[in-house]
2 protein chains.
Amino acid sequence: MPNAPQPTQNLLLDKLPPEVQERVFPYLEEIPLPLGKVLYEPGDKMRYVYFPTDCIVSLLYVMESGASAEISVVGKEGLVGISLFMGGESTSSRALVQSGGWGFRLAGHRLVDEFNRHGELMALVLRYTQALMTQMSQTAVCNRHHSIDQQLCRWLLLSLDRLPSNHLVMTQELIANMLGVRREGVTEAAGKLQDLGVIEYRRGRIEVIDRPRLEELSCECYAVVKKETDRLLNPDSSEDWFASKKPA
Amino acid sequence: MPNAPQPTQNLLLDKLPPEVQERVFPYLEEIPLPLGKVLYEPGDKMRYVYFPTDCIVSLLYVMESGASAEISVVGKEGLVGISLFMGGESTSSRALVQSGGWGFRLAGHRLVDEFNRHGELMALVLRYTQALMTQMSQTAVCNRHHSIDQQLCRWLLLSLDRLPSNHLVMTQELIANMLGVRREGVTEAAGKLQDLGVIEYRRGRIEVIDRPRLEELSCECYAVVKKETDRLLNPDSSEDWFASKKPA
DNA sequence: GGCCCTATGTATTGTGTCGTACATAACTCC
DNA sequence: GGAGTTATGTACGACACAATACATAGGGCC
């Protein structure tokens, strides 16, 4: 984990106009977000919103049986805790750090105060929320219609977009929990991708070698989410939203 | 279809404070929403929002292959066209009338104007949007983990809550399209429910006989969505939100 | 009443994933 | 370096659902 992150590494914070940044940034707290940290549980009244810079947070639902399924992921393009400004103050899902790193947190009432100014922050976080809904929708579609092989490709691509390098620190067991499938299913799918030369992995680490091929092997779900996120959050440019602040 | 619906049959419109109703209601247009009508296609810039009174609108995604999957349903508890105030102006899904009836529509700019007053309407539609997200999330979970039998129960219950009586005018083929499964799978699941005395059906019509039993047979997904919707939209009361305006 | 269209019923075969069990290999820690 | 722990590999039977094919029956329409 590189230290001393900047708030502007988070793409939402980066995009705020200077006067909003002046109001908000003094209250941001730099905070480590290690793998496995739970930002909130179902029903928890939220006290903070989190702006990831180089980590990934999964929103997932855990069933009565203990089985789980990932609903969406949040990285540097977004924020965790939308229910604070949506009005619900809690959700029925859990927010779990899936890839460790850093982020900034902001007291809930500070965010709500700025939201209530009805300015650029409000517009931005609402558009982000719509992008998140697209991701949730497509997760539902993907769970219904696509094979584990395809879903693993989608998942790797979503993760890759949110990370500064082309490797993930991640066990197959953890991926299986996210996708809501058996670990053995992930082993088999990952084995195929390795045979094809698309990824290379060792214990707890996956490196993506051939990203274009990975996109070909993925179902359409990744592209739908990516395109819609670019459209909603980066309307002025056809450029890749995630790449726009990627460190060299 | 009964005619001459009142705007207040839609629970969101009903819940608005009188002064907001006075501003908004004059611009509402009563509109028939027959089975199969498409309110918008993916990417369509929305011109109206729709407030169903006694019909059900499905938000669904249609894949390149032509296969489809329902993301969520909207009835008298909600509105169709949230992307107007979320800022995206379009979505990647299709809105299709799944059970015919009536509703009211409002020009998009009228809704946005009222939303921008930052009053009760904004708070209400944002909370509704969060409820919709819960439904989308749970659809993803349900698609991953639950059997067709369980999903059919969930789907029947979601529909029933939004309809004025205990029967649905609906072919098994249509249900299969919504759930994203084969029609034969629905036939089998419906046959089991009929054998159990939970429902009765003939060509294109399903009557729910034993709703409590249906809730028992359903997966937890229905209850999660129901409880969260009640919490978000009916915070002052522990009463059933959907039943609160149900005609006798 | 009889015809036709469409909704529903049923059967067969194939495939993907699950549940389970166990083997092997990599990394850690002493 | 060796032991223990954890991640990954592999195999086998069971099952749910898909794909396909075709039969039957309900209800509208002439």
Side-chain angles (χ1 to χ4, degrees), chain A residues 35-36 63 65-70 98-99 140-156 167-196 198-207 217 219, chain B residues 35-36 63 65-70 98-99 140-156 167-196 198-207 217 219:
Chain A
L35 173 63
M63 300 198 306
S65 69
S68 60
E70 189 178 78
Q98 175 217 103
S99 176
V141 171
C142 204
N143 283 351
R144 161 64 51 218
H145 290 290
H146 297 134
S147 67
I148 294 185
D149 293 7
Q150 290 174 305
Q151 291 186 50
L152 176 59
C153 293
R154 169 180 65 85
W155 191 90
L156 286 172
H167 70 270
L168 300 80
V169 176
M170 179 72 52
T171 65
Q172 298 182 357
E173 175 92 43
L174 196 43
I175 297 176
N177 284 337
M178 296 300 158
L179 294 180
V181 300
R182 284 176 322 140
R183 192 269 312 161
E184 292 88 334
V186 174
T187 299
E188 221 174 320
K192 288 186 207 169
L193 288 178
Q194 180 150 261
D195 291 347
L196 289 169
V198 177
I199 64 173
E200 275 177 15
Y201 63 93
R202 332 189 278 277
R203 279 172 82 89
R205 184 190 148 98
I206 303 180
E207 185 163 4
L217 291 167
C219 47
Chain B
L35 173 63
M63 301 197 306
S65 70
S68 60
E70 189 178 77
Q98 174 217 104
S99 175
V141 172
C142 205
N143 282 352
R144 161 64 51 218
H145 290 290
H146 297 135
S147 67
I148 294 185
D149 292 5
Q150 290 174 305
Q151 291 186 50
L152 177 60
C153 293
R154 169 180 65 85
W155 191 91
L156 287 172
H167 70 270
L168 300 81
V169 176
M170 179 72 49
T171 65
Q172 299 182 355
E173 177 92 45
L174 196 43
I175 298 177
N177 284 337
M178 296 299 157
L179 294 181
V181 299
R182 286 174 319 137
R183 193 269 310 161
E184 292 88 333
V186 174
T187 299
E188 222 173 319
K192 287 185 208 171
L193 288 178
Q194 179 150 260
D195 291 347
L196 289 169
V198 177
I199 64 173
E200 275 177 15
Y201 63 94
R202 335 188 275 278
R203 278 173 81 89
R205 184 191 149 96
I206 303 180
E207 185 164 4
L217 291 168
C219 46

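A, B, ... follow the sequence lines: proteins, then strands. Residue 1 opens every chain.
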How do A/R182 and A/G204 order along DNA chain D: which one's closest nucleotide is nearer the 5' end?
->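 Counting from the 5' end, the first nearest nucleotide belongs to A/G204.
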Can you tell me if B/R203 and B/Q172 form a side-chain donor-acceptor pair at under 3.5 Å?
->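 Not at all, the side chains of B/R203 and B/Q172 share no donor-acceptor pair under 3.5 Å.
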Send over the distance from A/I175 CD1 to D/dG9 P, rounded to a whole Å.
->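 Taking atom P of D/dG9 as the reference, CD1 of A/I175 is at 11 Å.
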Round to the nearest Å and state the distance from A/L174 atom CG to D/dT8 atom C1'.
->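 Answer to the nearest Å: 15 Å.
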Check every atom of D/dA7, D/dG9, D/dC17 against the side chain of A/T171 and return the nucleotide holding the closest atom.
->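 Given the options D/dA7, D/dG9, D/dC17, the side chain of A/T171 is closest to D/dA7.
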By nearest nucleotide on DNA chain C, pick out whichever of A/R202 and A/R183 is the more 5' one.
->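 Nearer the 5' end of the strand: A/R183.
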Taking the side chain as C-beta and beyond, is there a heavy-atom pair between A/L152 and A/L193 under 4.5 Å?
->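 Yes, side chains in contact.
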Euclidean distance, atom CG of residue A/N177 to atom C1' of C/dC18 [Å, nearest integer] |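 After rounding, the gap between these two atoms is 15 Å.
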To the nearest Å, give me how far apart CD (A/Q151) and P (C/dG16) are.
->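 My rounded result for the distance is 14 Å.
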Relative to the 5' end of DNA chain C, which residue comes earlier, B/Y201 or A/I148, by the nucleotide with the nearest heavy atom?
->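 Looking at DNA chain C, the more 5' nearest nucleotide goes with B/Y201.
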Would A/E70 and A/Q98 count as having a side-chain donor-acceptor pair, cut-off 3.5 Å?
->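 Short answer, yes.
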B/E188, CD: over 12 other non-hydrogen atoms inside 6.0 angstrom |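 Counting other residues, nucleotides and ligands, CD of B/E188 stays at 12 neighbours or fewer.
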Let me know the distance between CD of B/E200 and P of C/dA7, rounded to the nearest Å.
->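 Taking atom P of C/dA7 as the reference, CD of B/E200 is at 21 Å.
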Spacing of A/H145 atom NE2 relative to D/dA16 atom P, expressed in whole Å =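 Those two atoms, NE2 and P, are 20 Å apart.
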Just by distance, do the side chain of B/N143 and the backbone of A/A140 share a donor-acceptor pair under 3.5 Å?
->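 At least one qualifying donor-acceptor pair exists.
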Residue mapping more 5' on DNA chain D - nearest nucleotide basis, A/Q172 or B/R203 =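 Nearest nucleotide further toward 5': that of A/Q172.
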Any N or O donor-acceptor pair linking the side chain of B/E184 to the base of D/dA21 at under 3.5 Å?
->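 Flag set: donor-acceptor pair detected.
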Specify the separation, in whole Å, of atom CG of A/D149 and atom P of C/dT15.
->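 So the CG-P distance, A/D149 to C/dT15, works out to 15 Å.
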Answer with base, sugar-phosphate or nothing: what part of the nucleic acid does B/E188 contact at a heavy-atom distance below 4.0 Å?
->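 Counting heavy atoms under 4.0 Å across all strands, no contact is made by B/E188.
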For the pair made of CZ in A/R205 and C1' in D/dT8, what is the distance, rounded to whole Å?
->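 My rounded result for the distance is 17 Å.
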